[in-house]
Amino acid sequence: MKLFSWGLFVALAACAIFIAIGAPLGPVLFLAVFITLVFAYRFPYATLYAVIFLMPFLGLTISLPTGELAIGKRAFGGAIDISVAEALILALLLAWALKILVLWVRRRDINWRPNLPLAKTYALLFFAHITSALSPLKPDPILVIKFSLRPILFAYLAFVALPVNLLRSKRRIITALSVVAATGTIGALNGAVSLFFVGASSQFIRRAHPLPMFGIHALGDNHNLLAELLAVTLMSTLALTFLVKQNRTRQMLYATALLQFMVGLLTFSRTLWVVFILQAVFLGFVEYRQQIKRYGTVIIAAVLLSLPIAWIMLNVGLSNVAQSSNSTRVALTEIAAGVFLTSPIFGSGAGTFVDRVGSAYIFKLEYGSPLDSHGVLQKLAAETGIIGLLAFGLVMYEFLWIMRRGLKDMKPGATRTSLMFLTTGAMGAVVYQIFNTNYWTGKMWLPIGIALAALYAFQRHHKEKELSL
């Protein structure tokens, strides 16, 4: 009854707010909100696993009308469009906040004391977006605040803070990585099937890309979206192989990792190839230097055998489609540079880049509809200026410093190697978004959150193991 009362109170409060602002709220929506909140409160871990599974499926969206309220039309265009995963994580955030109040504040249960890594540096990044409202280009302060809260602040709370605070044991980390591996396998199989359809052809080759699922482009509609998924899931799958005990399970994971790698190559995504190469170089230099020396001949043979597919990749890079993409990216970068030079300190205002592109008549004439910045650095430079770039650099530096210190203090073994792969996967996610547009979603920040959660969980596991001896 206590659980039911909490859920009923929250659902009624949310409904009262929606009704007060004039938003249409039918009984079905009310029931859905109520059930979701109660489920998230009662089963927070299962809800988080569902979020991790659904996160790459950005095509599964819901639209919530904001009613006739002026601020709703001004900030959201009359409706809030979010993915199913984000809707679940909003409920989970609220359930987590309630558990902190009930279990930590009232009952002093230290297990629910919030752990907020990267909080100080990320607060600077959030502050940089807020202060961009002071830009001499005079952005709309309502839109700046809205963008600073969602997706900027939301990205930290949902994809960094929540995993760190809920995935506190080695067992839960293994479960979370299993979900990631399953998602990557589904994406890889989907991409492999696409190679047998005419729609997969791109001039002289066929490239793996996501196919619709039940008539919905759940994983997106181009090869880059599949590629950025595999850049992360491959490392998570390999990390999981060092944590499982059964040889048969480990062999299955190696097979799925190989499938993800091959389909990733066959997307012929230039960004993914760059990420794979950087990840391989990083792991080879940091973790596998001795093995490279021992099996140098085998590695050279593998590189030689891969030259034909590398030649195809080179031809893809020189094709008209690739050159057109390059031209668009150059134009977007030039616009970002122009905006940055106009207001180098504060930028043009958080969330305003697409509008700046839309106001560029030449871009609309050459390329059509305005696009968001294809790169997180260009986005930050244009919208938040030097302050935002420095703040983002501090966030990334602190993350790498935490992981490096944790890896240095950890004894060599399977757990440490697993953590190394998770760190590599998180770095790959960041590198990918230097060239793509999903920088404020779970595709970039969730790997960081899982890597931090794994570090703290493994440290806690080793301490408990030492105390039991």
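Residue indices begin at 1 and follow the sequence shown. This one's a predicted model, so the numbers in the text were calculated from it and none came from an experiment.
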Query raised in the report: Short question: side chain of R416, backbone of K411 - any donor-acceptor pair under 3.5 Å?
Result: no

Query raised in the report: Can you check whether L88 reaches L92 side chain to side chain, under 4.5 Å on heavy atoms?
Result: no

Query raised in the report: Would you say the side chain of F421 lies within less than 4.5 Å of the side chain of S236, judging by non-hydrogen atoms?
Result: no

Query raised in the report: Looking at side-chain heavy atoms only, is the closest gap between T271 and V431 below 4.5 Å?
Result: no

Report task. Please assess F392 against T384 for the test side chain to side chain contact (heavy atoms under 4.5 Å, CB included), listing each intermediate value before the final yes or no. Result -> CA-CA 10 Å; F392 180 78; T384 61; over 6 Å; no

Query raised in the report: Can you tell me how far CD of Q433 sits from CH2 of W445, rounded to the nearest 0.5 angstrom?
Result: 10.5 Å

Query raised in the report: Under 6.0 Å from the OH atom of Y254, do we count more than 12 heavy atoms belonging to anything else shown?
Result: yes

Report summary line: Here the pair of heavy atoms bringing I142 nearest to D140 is N-OD1, 3.0 Å

Query raised in the report: At their closest point, which heavy atom of Y367 faces which heavy atom of A331, and how far apart are they?
Result: CE1-CB, 3.7 Å

Query raised in the report: Counting only heavy atoms not in Y288, do more than 12 fall under 6.0 Å of its OH?
Result: yes

Query raised in the report: For R404, does the CZ atom sit with more than 12 other heavy atoms under 6.0 Å from it, leaving out its own atoms?
Result: no

Query - Donor-acceptor contact present, side-chain S418 to main-chain A414, <3.5 Å - result: no

Query raised in the report: If you measure from CG on D372 to OG1 on T437, what distance do you get to the nearest 0.5 Å?
Result: 6.5 Å

Requested in this report: Evaluate the criterion side chain to side chain contact (heavy atoms under 4.5 Å, CB included) for residue pair R150 and E86; output intermediate values, then yes/no.
Outcome: CA-CA 11 Å; R150 182 183 181 271; E86 288 180 330; 3.0 Å; yes

Query raised in the report: What is the distance from atom OG of S269 to atom CG of N224, rounded to the nearest 0.5 Å?
Result: 4.0 Å

**Report entry** Expected output: side-chain W104 to main-chain P114 donor-acceptor under 3.5 Å
**Finding:** no

Report task. Identify the heavy atoms of I434 and Q378 that sit nearest to each other, and give their distance. Result -> O-OE1, 3.8 Å

Query raised in the report: Can you check side chain to side chain contact (heavy atoms under 4.5 Å, CB included) on L219 and M213, steps first, answer last?
Result: CA-CA 8 Å; L219 286 171; M213 299 180 182; 3.8 Å; yes

Query raised in the report: Below 4.5 Å, heavy atoms only, C-beta onward: do F147 and E383 meet side chain to side chain?
Result: yes

Query raised in the report: Heavy atoms, side chains only, cut-off 4.5 Å: are L226 and V263 in contact?
Result: yes

Query raised in the report: Checking R329 against F435: charged group under 6.0 Å from the ring centre and within 45 degrees of the axis?
Result: no

Report task. Kindly indicate, with the supporting measurements, whether the criterion side chain to side chain contact (heavy atoms under 4.5 Å, CB included) is fulfilled by L143 and T352. Result -> CA-CA 8 Å; L143 295 178; T352 62; 6.0 Å; no

Query raised in the report: So do the side chains of L407 and M420 get within less than 4.5 Å of each other, counting heavy atoms only?
Result: yes

Query raised in the report: Roughly how far, to the nearest 0.5 Å, is the CD atom of E228 from the CG atom of N438?
Result: 4.5 Å

Query raised in the report: Which distance, rounded to the nearest 0.5 Å, do you find between the CG of L98 and the CG of L37?
Result: 8.5 Å

**Report entry** Where L230 and G184 come nearest, the two heavy atoms and their spacing
**Finding:** CD2-O, 3.7 Å

Query - Heavy-atom pair of closest approach, residues F353 and L332 - result: CZ-O, 3.7 Å

Requested in this report: Could you tell me which non-hydrogen atom of A457 sits nearest to which non-hydrogen atom of I173, and how far apart they are?
Outcome: CB-CG1, 3.8 Å

Query - N/O donor-acceptor pair under 3.5 Å between T267 side chain and H223 backbone - result: no

Requested in this report: May I ask you to check if K99 and Y41 form a cation-pi contact, with NZ or CZ under 6.0 angstrom from the six-membered ring centre and within 45° of the axis?
Outcome: yes

**Report entry** Modelled atom types, side-chain donor and acceptor of T237 and Q260, under 3.5 Å
**Finding:** yes

Query - Carboxylate-amine/guanidinium contact K120 E398, below 4.0 Å - result: no

Report task. Assess the pair Y156 and F126: is the distance between their ring centroids shorter than 6.0 Å? Result -> no

Query raised in the report: Does the side chain of L225 come within less than 4.5 Å of K443's, by heavy atoms?
Result: yes

Query - Point-to-point distance, once rounded to the nearest 0.5 Å, from NE2 of H129 to CD1 of I152 - result: 3.5 Å

